[in-house]
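Read through the structure below, which is laid out as structure tokens, and then see the notes.
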Amino acid sequence: MAATTDAGVRPARARRRPHIPAWVGVTPFLGYVAVFLLWPVGIVVWTALHNTSGSWQLSSLSFLGQSQVRTAFVNTFELSLGSAVFGAVLGAVLAYAVATGDPDGAVRRVYTAASGVLAQFGGVVLAFAFLVLIGPIGLLFHASWYLSFPWGIGLIYGYFQVPLMVLVFVPALDGLKVQWREASENLGGSAWQYWRHVAAPLLAPAFFGSLLLLFANALSAYATIQAWENQIPYVVPQLIGTAMTSEVGLSNANQAQVLAVGLIIMVAIVMTGYALLQRRTARWLR
Amino acid sequence: MASVDAGGAVAPAIPSELAGAGTAKTRRGLHGRRRRRLNVFRYIAFAVFGVFFVLPLLALLRMSLEPAAGAGGWSLAAWKQIVSYTVVGTPSLISRVIVTLELGVITAAAMLVLLVPTMIWIKLKVPWISRTVEFLCLLPLTIPAIVLVVGLVPVYNWIQQRNVSTFMLFWVYVVLVLPYAYRALAAGLNSVDVKTLSEAARGLGASWFTVMFRIIAPNMRQGILNASLLSFSLVLGEFPIAYLLLYVNLQVEMYSISRNTPNASVLFSTSFAVLVFTFLLLLILSYVGRPRRGRR
């Protein structure tokens, strides 16, 4: 009896199925991302370009030209680029040391786990750690430059950029096959020639990709510099924070949004540059 | 929206290491002399970087063991304060710690509910959409979190009118952890032969629901565990979103203590405890994660 019902139902189901396409199963995810990721970004851009009554108003963008704001953007760019280059170069060296070891060894596990902690979960805590190391109550020494921009904060940024580089660059180094080195040696290539003509071109896209990730990471970092004892707002995220928390009495109600659009533009410029670079390098990597 | 278009460019650089996908490799082919030179370089690198990384943490530990910051001497007072510290008129520090831990669990659970069925479904039925979904998942890496917060203010105004609980932060935290969770789950899913398993199960009369939750999901439990722990630890360290949306999690609480009472010893003990806790979590994860792969 059950078998017949089953058999009776099945064709009906099969007939109904085409009406519900399979991609419907993905809609909860798409809806979630739309509400909590795409829509907020859309709101930011829309609010920055419109006045309170909803008509276009590009004049608020002129806020980006004010000298204080311009300085903040230049500071942000300097700090992000400086700490990204610092982190990428030193991080690549450390990543090489990690990647050439035993892939299941304790050293690699410890460095990977520690990198994960320091790169992503530091935030406020890192500012405290450097405060007690080289700050005014420092145990190692009292660095006079601890509270100066960009050197003091740049060092702290380096402290989370290097581990992030280790995390993202080790997989790329793992991709270097030992056979390539052997092939290079069998053909009479020196270590320098191997690095110059084989390893470097292969690693370049991953390196610059990682550099870009580090740059974006520093650009949006807010916790560490906010918890840093120097309370002058130096970078754009801090200006955004101030604009958001003291919105009363501002002549320009959408300051936070305009600043955010400025940041988006900055990311976009850097990424476009990266995409162009990668298109060039992709040509001779094939 | 140019940043969105260009976002895909950064995808290759995302940490697959986090997903435990590092490829094993032996260096048997190296000559002994070069191996020794390499080892010297490695030990020097580990030592120099180790000092750079450990010194601030040691300073944190030492300072947490002083009766008052900078006073010298030894005392466990700051560690005892972790459970007793309270700013008058606000909930205690330890209650913030507990709320943050719970928030981490909720975020990890919500992430799994959202992502696991979706990813399996895509693999089974709609592979053509996988590029789009991957792109959306990795997008939060390229959009600065601070931009997201600005846009979330209206959304959270709406939420706060209905529910003022700190737990409501999980809605945005799920988005924040998407890139890491996606990489971990994708690595887990790729290690499963989805096609064969689902065909076998379907052939034996299993429903799609059974295929997803009783056949494929249990086979990718490694990826699920990785994704959950990563999400959990990310939530422990989150500051800007909570702070600017006026919620108080652990990091915000520590920040406001540091503003009210600069150099309060309890800051250093709590900071050290959080860092070590997260470190141990990730270390355990690496040990749970790898042996399976190595035995092959």
Side-chain angles (χ1 to χ4, degrees), chain A residues 22-23 25-26 29 32-33 36-37 40-41 43-44 93-94 97 100 103-104 109 112-114 116-117 120-121 123-125 128-130 132-133 137 139 167-168 170-171 174 178 182 209-210 212-213 216 219-220 222-223 227 237 240-241 244 256-257 260 263-264 267-268 271-272 274-275 278, chain B residues 2-3 6 9-10 12-13 15-17 22-25 29 38 42 45-46 49 55-56 59-60 62-63 69-70 114 118 121 125-126 129 136 142-148 150-152 154 171-172 175 233-234 236-237 239-240 244 251 254-255 263 267 271 275 278-279 282-283 286 290 294:
Chain A
W23 57 262
V26 188
F29 170 82
Y32 194 100
V33 172
F36 288 100
L37 181 63
V41 177
I43 293 179
V44 168
V93 173
L94 180 58
T100 46
D104 282 320
R109 286 171 201 275
T112 309
V117 177
Q120 275 137 352
F121 320 116
V124 172
V125 171
F128 297 155
F130 274 86
V132 295
L133 185 70
I137 56 165
L139 290 169
L167 284 185
V168 297
V170 162
D174 280 339
V178 141
E182 284 162 0
S210 310
L212 180 67
L213 192 74
L219 202 63
S220 58
Y222 175 68
I240 295 178
M244 279 179 73
Q257 284 82 359
L263 269 191
I264 294 179
V267 176
M271 281 201 182
T272 313
Y274 170 72
Q278 203 177 37
Chain B
S3 72
V10 97
S16 64
E17 175 62 24
T23 43
K25 159 186 64 169
L38 182 65
R42 291 182 60 228
F46 285 138
F49 282 101
L55 266 184
L60 212 49
R62 174 67 189 101
M63 206 55 113
L114 184 72
T118 306
W121 186 250
K125 305 280 278 188
V126 267
I129 212 171
L136 287 173
T142 51
I143 297 177
I146 195 100
V147 172
L148 204 56
V150 176
L152 279 168
W171 291 106
V172 50
V175 168
S233 15
L234 270 174
L236 293 193
F239 172 77
L244 292 173
Q251 301 279 331
M254 287 206 286
Y255 171 75
N263 306 337
L267 290 175
S271 302
L275 285 177
T278 322
F279 170 71
L282 293 188
L283 194 63
S286 85
R290 296 273 160 86

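Naming convention: chains lettered A, B, ... in sequence-line order (proteins, then strands); numbering from 1 in each chain.
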Contact leader toward chain A among B/Ile129, B/Val126, B/Ile146, where contacts are heavy-atom pairs under 4.5 Å:
B/Ile146
Taking every non-hydrogen pair under 4.5 Å, which of B/Phe279, B/Phe239, B/Phe49 racks up the most with chain A?
B/Phe49
Closest heavy-atom pair and its distance - [X], [Y]:
{"X": "A/Ala113", "Y": "B/Leu283", "answer": "CB-N, 3.7 Å"}
{"X": "B/Ala145", "Y": "A/Ser220", "answer": "N-CB, 3.8 Å"}
{"X": "B/Leu136", "Y": "A/Phe29", "answer": "CD1-CE2, 4.3 Å"}
{"X": "A/Ile43", "Y": "B/Gly151", "answer": "CD1-O, 3.6 Å"}
{"X": "A/Ala97", "Y": "B/Arg42", "answer": "O-NE, 2.8 Å"}
{"X": "B/Pro56", "Y": "A/Leu133", "answer": "CG-CD2, 3.8 Å"}

Is the closest side-chain heavy-atom distance between [X] and [Y] below 4.5 Å?
{"X": "B/Leu244", "Y": "A/Ile240", "answer": "no"}
{"X": "A/Phe36", "Y": "B/Leu148", "answer": "no"}
{"X": "A/Val125", "Y": "B/Leu60", "answer": "yes"}
{"X": "B/Ser286", "Y": "A/Thr112", "answer": "no"}

Distance col, row B/Ile143:CD1 vs A/Leu219:CG, nearest 0.5 angstrom, shows 12.5 Å
Atom pair CG (B/Leu114) and OH (A/Tyr32), whose distance is rounded to the nearest 0.5 Å:
6.5 Å
Mind checking what makes side-chain contact (heavy atoms from CB on, under 4.5 Å) contact with A/Leu139, not counting sequence neighbours?
B/Ala59, B/Arg62, B/Met63, B/Glu66
Under the rule for side-chain contact (heavy atoms from CB on, under 4.5 Å), what residues qualify as partners of B/Thr278, not counting sequence neighbours?
A/Val117, A/Phe121, B/Ser233, B/Leu236, B/Val274
Examine whether an atom of [X] lies under 4.5 Å from a heavy atom of chain B, and if so say whether it belongs to the side chain, the backbone or both; otherwise answer neither.
{"X": "A/Ala216", "value": "side chain"}
{"X": "A/Leu263", "value": "side chain"}
{"X": "A/Val93", "value": "both"}

Honestly, the part of B/Trp121 sitting under 4.5 Å from a heavy atom of chain A is side chain
Quick check on the interface: out of A/Ala129, A/Gly241, A/Ala260, who has the most heavy-atom pairs with chain B under 4.5 Å?
A/Ala129
In terms of heavy-atom pairs under 4.5 Å, which option from A/Ala223, A/Ala22, A/Pro237 contacts chain B the most?
A/Ala22
